[in-house]
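Given the structure is predicted, the values throughout are model-derived calculations rather than measurements. Note: hydrogens, waters and symmetry copies are ignored here, and every other heavy atom, side chains too, is used.
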Amino acid sequence: MAFIAPDVEQGAGPDQEWTRVRRKGRRPKKSTPAPKGSLPGPKPGQPFLTLSDVQSEHQRIKDQFESSSCCHRLREIISSHSSRHGLSQAICLGLGSFDPENGSWENRRSAHVQLAAFLCIVEQLQRSSDSRKIGCFFQEPLFNAVDREFLQNMGHEIVDSPEGFKRVNPSTLVFGIHLYRDIYNKSVAKHLPAMFVGTPYDVWEDFQGFSPSEFAKIKELDEQCVKVEFPEDPGYATFSSTTIHWRRRNET
């Protein structure tokens, strides 16, 4: 594929672990951002939206997503690969708040679309899992009280960092869009998950100043997986530079 270097949007977090990576377009290579030192951990803001507001907005955006070409193609991709592994759990990392402090519509929409896509994948996998329930849990330090209540009311579990990383095992789906490399490294540090949805190795590799040692686990994941590019969200960069990885059965 033609490499396109990511653009990086910084977010506060321990060791800046929640920095997000976005690929905008074709441009010359640039130096890899190398955050140093520690920043205070991200703190959730005070909710502005009510639970009802978040639920209504999610239903509207979810309905739009499910009628999109992105969702239709995603279902086809997952259905055609669902027999590769039996999954027991799914973790979503760094989803973002449904009610961000800056009130950004783009950030709110992105969180809702990512949630809809994550649950769409789980639903498709569930259909081919012989009725085995795939538990979903979420790790995001920016969740406020309403975010947490919204997801818990849907039957999902919220965990605090680093609990999410510790739970990853060979039968896990890890879903994390546009996150910093340390998050990806931590998510595959102990085990390569059965499925991984996130920024692929070849995107990271395209940086000037790229250090292979910093991406050893991501490279290992890349080498041991079958990969398919995530479908585009029409008109938005929600899933740009994102790839679906399936670990080969003989790899753990």
### Query
Using 30° and 60° as the class limits, which term best fits the ring planes of F118 and F175: parallel, tilted or perpendicular?
tilted

### Message
When you measure from the side chain of E140 to the backbone of G96, do you find a donor-acceptor pair of N or O atoms at a distance under 3.5 Å?
### Response
yes

### Task
Please round to the nearest 0.5 Å and tell me the distance separating atom CD of E101 and atom CG of L142.
8.5 Å

### Message
Using a 3.5 Å distance criterion without hydrogens, assess whether the side chain of N153 forms a donor-acceptor pair with backbone atoms of F150.
### Response
no

### Message
Whether the D99 and S97 side chains hold a donor-acceptor pair (N or O, under 3.5 Å, no angle test) is what I'd like checked.
### Response
no

### Task
Work out which heavy atom in R247 is nearest to a heavy atom in L192; give both atom names and the distance.
NH1-O, 3.0 Å

### Query
How close do S79 and Q124 get, heavy atom to heavy atom, and via which atoms?
OG-NE2, 2.7 Å

### Message
How long is the straight-line distance from OG1 of T243 back to CG of D202, given to the nearest 0.5 Å?
### Response
6.5 Å

### Message
Show, in sequence, the C-alpha distance, side-chain angles and deciding distance for L221 and Y201, and conclude whether the side-chain contact (heavy atoms from CB on, under 4.5 Å) test is met.
### Response
CA-CA 8 Å; L221 177 77; Y201 178 76; over 6 Å; no

### Query
Quick one: does D53's side chain have a donor or acceptor within less than 3.5 Å of a partner on T50's backbone?
yes

### Query
Between R109 and D233, is the closest basic N to carboxylate O distance under 4.0 Å?
yes

## Note on the structure
Contacts of R167 meeting salt bridge (charged side-chain N to carboxylate O under 4.0 Å, His left out) (sequence neighbours excluded), chain-then-number -> E157, E163

### Task
Compute whether any side-chain donor of one residue and acceptor of the other, for N107 and S110, lie under 3.5 angstrom apart.
no

### Task
Kindly compute the distance separating CD1 (I61) from OG (S68), expressed to the nearest 0.5 Å.
12.5 Å

### Task
Decide whether S213 and S211 meet the rule of one side-chain donor and one side-chain acceptor closer than 3.5 Å.
yes

### Message
Any heavy-atom pair between the side chains of M154 and L119 that's under 4.5 Å?
### Response
yes

### Task
To the nearest 0.5 Å, tell me how far L173 CG sits from W246 CH2.
10.0 Å

### Query
Okay, side chain of H178, backbone of S241: is any donor-acceptor separation there less than 3.5 Å?
no

### Message
My understanding is that only one of H58, Q64, E66 makes a side chain to side chain donor-acceptor pair (under 3.5 Å) with K62; could you say which?
### Response
E66

#### Entry: Derivation and outcome, side-chain contact (heavy atoms from CB on, under 4.5 Å), residues V226 and R248
CA-CA 7 Å; V226 173; R248 297 184 182 92; 4.2 Å; yes

### Query
Would you say Q55 has more than 12 foreign heavy atoms packed within less than 6.0 Å of its CD?
yes

### Task
Taking all non-hydrogen atoms of both residues into account, name the closest pair between I77 and E229 and its distance.
CD1-O, 4.1 Å

### Message
For F215 and E205: C-alpha separation, side-chain torsions, deciding distance, then whether side-chain contact (heavy atoms from CB on, under 4.5 Å) applies.
### Response
CA-CA 9 Å; F215 294 88; E205 192 179 29; over 6 Å; no

### Side chain to side chain, V188 and V168, heavy atoms closer than 4.5 Å
no

### Message
Using the salt bridge (charged side-chain N to carboxylate O under 4.0 Å, His left out) criterion, which residues pair with E123? Sequence neighbours excluded.
### Response
R75, R127

### Query
Linking I/L/V/M/F/W/Y whenever their side-chain heavy atoms sit closer than 4.5 Å, directly or via other members, would Y236 and V197 fall into one cluster?
no

### Query
Any side-chain heavy atom of V113 within less than 4.5 Å of one from C70?
no

### Message
Do F165 and Q139 make a side-chain contact, defined as non-hydrogen atoms from C-beta onward lying under 4.5 Å apart?
### Response
yes

### Query
How about E149 and V54: do any of their side-chain heavy atoms sit closer than 4.5 Å?
no

#### Entry: K219 side, atom NZ; E214 side, atom CD - distance, nearest 0.5 Å
14.0 Å

### Query
Should L49 and V146 count as side-chain neighbours, where that means a heavy-atom distance under 4.5 Å?
no

### Query
Should we say atom NZ of K217 is surrounded by more than 12 heavy atoms from elsewhere, each under 6.0 Å from it?
yes

### Query
Which distance, rounded to the nearest 0.5 Å, do you find between the CG of L179 and the OG1 of T199?
7.0 Å

### Query
Shortest non-hydrogen contact from H156 to C136?
ND1-CB, 3.5 Å

### Query
What pair of heavy atoms forms the shortest contact from R108 to P100, and how long is it?
CG-CD, 3.2 Å

### Query
Within a strict 4.5 Å, meaning less than it, do heavy atoms of the P234 and S69 side chains meet?
yes

### Summary
Between Y184 and G198 the two heavy atoms that sit nearest each other are OH-CA, 3.8 Å

### Query
Which class fits the ring pair F143 and F98: parallel under 30°, tilted 30 to 60°, perpendicular over 60°?
parallel

### Message
Under the criterion side-chain contact (heavy atoms from CB on, under 4.5 Å), I'd like the reasoning laid out for D222 against K227: C-alpha separation, chi angles, the key distance, then a yes or no.
### Response
CA-CA 8 Å; D222 177 81; K227 292 157 286 183; 2.8 Å; yes

### Query
How about L115 and L151: do any of their side-chain heavy atoms sit closer than 4.5 Å?
yes

### Summary
Contacts of K166 meeting salt bridge (charged side-chain N to carboxylate O under 4.0 Å, His left out) (sequence neighbours excluded), chain-then-number -> none

